[in-house]
Amino acid sequence: PSAQTRITGDFTQTGTGRLVTQADFSANRSGTLVVEGASDLAGDLEVAARTLAPNRSLRVFEAEGALTGTLRAIDTPAVDYTVAQNGRTMNLSISATRFERAFDTISPNERRVGGHLDALFEAGAGPYDELLADLSALSAGEDGAGQYGRALASLSLGGSQAAAAAQSRLAQTRLDKVMRCPAIDTA
């Protein structure tokens, strides 16, 4: 996602406009719109995150001419983004994650998993950077709360332990049936 799109003239985005950019925070790469002329910005910046990582600032817009206005980053229920202007450049960063409290409807167990995801992000994300981005995107989906809750539940030990316990009980029942010796009455 380090593609650059170049506009040779002036560019205006109104308040109802939406600019979409891909972002790979771990690799410090993003899609960038470069405008050779003057730029007048308003509206939204939608982030299609491939990875999430803290303390990164990605260039998403550059005006070679005059720049007025700004963009508003669209947050997901799990991630807050910030757009900051630096001269004639707009930079995107992650200001906070809310995996633990993305939705009021998630269970206490799912909330604990979300808390661990927030801690992973703060620790640098590492090998979990794509998972965090996927969960953020999932939280913004049509059935965000339901899908997000199910995804967190699948990461929880509770779900896998319940399945393992059921398998163990089934195996024990079958083994008992096979090993049962019939009683023979010789009288």
Side-chain angles (χ1 to χ4, degrees), residues 1-5 13 17-34 41-62 70-86 89-165:
S2 59
Q4 187 179 84
T5 302
Q13 178 171 299
R18 180 177 287 197
L19 179 64
V20 179
T21 188
Q22 292 185 343
D24 184 343
F25 286 94
S26 293
N28 287 311
R29 295 188 318 223
S30 66
T32 305
L33 177 60
V34 178
L41 299 178
D44 297 326
L45 175 69
E46 182 178 335
V47 181
R50 183 178 200 192
T51 63
L52 298 180
N55 307 314
R56 310 289 167 89
S57 181
L58 307 179
R59 182 176 63 118
V60 293
F61 186 89
E62 182 179 335
T70 191
L71 297 169
R72 289 180 312 268
I74 299 174
D75 298 331
T76 70
V79 176
D80 289 336
Y81 296 102
T82 299
V83 176
Q85 184 173 343
N86 183 8
T89 301
M90 295 285 176
N91 298 308
L92 174 69
S93 60
I94 299 170
S95 54
T97 61
R98 296 186 306 272
F99 291 106
E100 181 177 11
R101 57 188 194 286
F103 296 99
D104 292 336
T105 56
I106 62 175
S107 73
N109 193 41
E110 294 160 356
R111 198 168 301 284
R112 282 189 293 280
V113 171
H116 290 294
L117 295 171
D118 286 327
L120 285 171
F121 175 81
E122 289 302 321
Y128 303 101
D129 57 355
E130 289 181 26
L131 171 67
L132 296 175
D134 290 344
L135 288 170
S136 175
L138 192 63
S139 75
E142 190 173 312
D143 178 27
Q147 291 178 341
Y148 183 77
R150 287 187 294 278
L152 291 185
S154 73
L155 296 174
S156 164
L157 289 177
S160 61
Q161 287 176 338

Query raised in the report: Looking only at side chains, do S136 and T76 share a donor and an acceptor under 3.5 Å apart?
Result: yes
Query raised in the report: So among S57, S95, S93, which one has a side-chain hydrogen bond (donor to acceptor under 3.5 Å, both in side chains) with T82?
Result: S95
Query raised in the report: Who passes side chain to side chain contact (heavy atoms under 4.5 Å, CB included) against E100, sequence neighbours left out?
Result: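 So E100 forms a side chain to side chain contact (heavy atoms under 4.5 Å, CB included) with R111, D118.
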**Report entry** Electrostatic pair R150:D143 at N-O distance under 4.0 angstrom
**Finding:**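 Salt bridge: yes.
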Do [X] and [Y] make a side-chain contact, defined as non-hydrogen atoms from C-beta onward lying under 4.5 Å apart?
| X | Y | result |
| --- | --- | --- |
| I94 | F121 | yes |
| L132 | T97 | no |
| H116 | L155 | no |
| E62 | Q4 | no |
| L152 | L117 | yes |
| V34 | R59 | yes |

Would you name the heavy atoms of [X] and [Y] that are closest together and state the gap between them?
| X | Y | result |
| --- | --- | --- |
| V47 | L92 | CG2-CD2, 3.6 Å |
| D129 | S26 | OD2-OG, 2.5 Å |
| F99 | G114 | CB-O, 3.4 Å |
| Y148 | S139 | CD1-CB, 3.7 Å |
| L45 | V83 | CD2-CG2, 3.7 Å |
| E110 | A153 | OE2-CB, 3.5 Å |

Rounded to the nearest 0.5 Å, what separation is found between the [atom1] atom of [X] and the [atom2] atom of [Y]?
| X | Y | atom1 | atom2 | answer |
| --- | --- | --- | --- | --- |
| S30 | R50 | OG | CZ | 12.5 Å |
| T70 | Q13 | OG1 | CD | 10.5 Å |
| E122 | N55 | CD | CG | 7.5 Å |
| L58 | N91 | CG | CG | 8.0 Å |
| D24 | L52 | CG | CG | 9.5 Å |
| L41 | M90 | CG | CE | 5.0 Å |

Query - Exceeds 12 heavy-atom contacts within 6.0 angstrom, atom OH of Y128 - result: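 It does not: Y128 OH has 12 such atoms or fewer within range.
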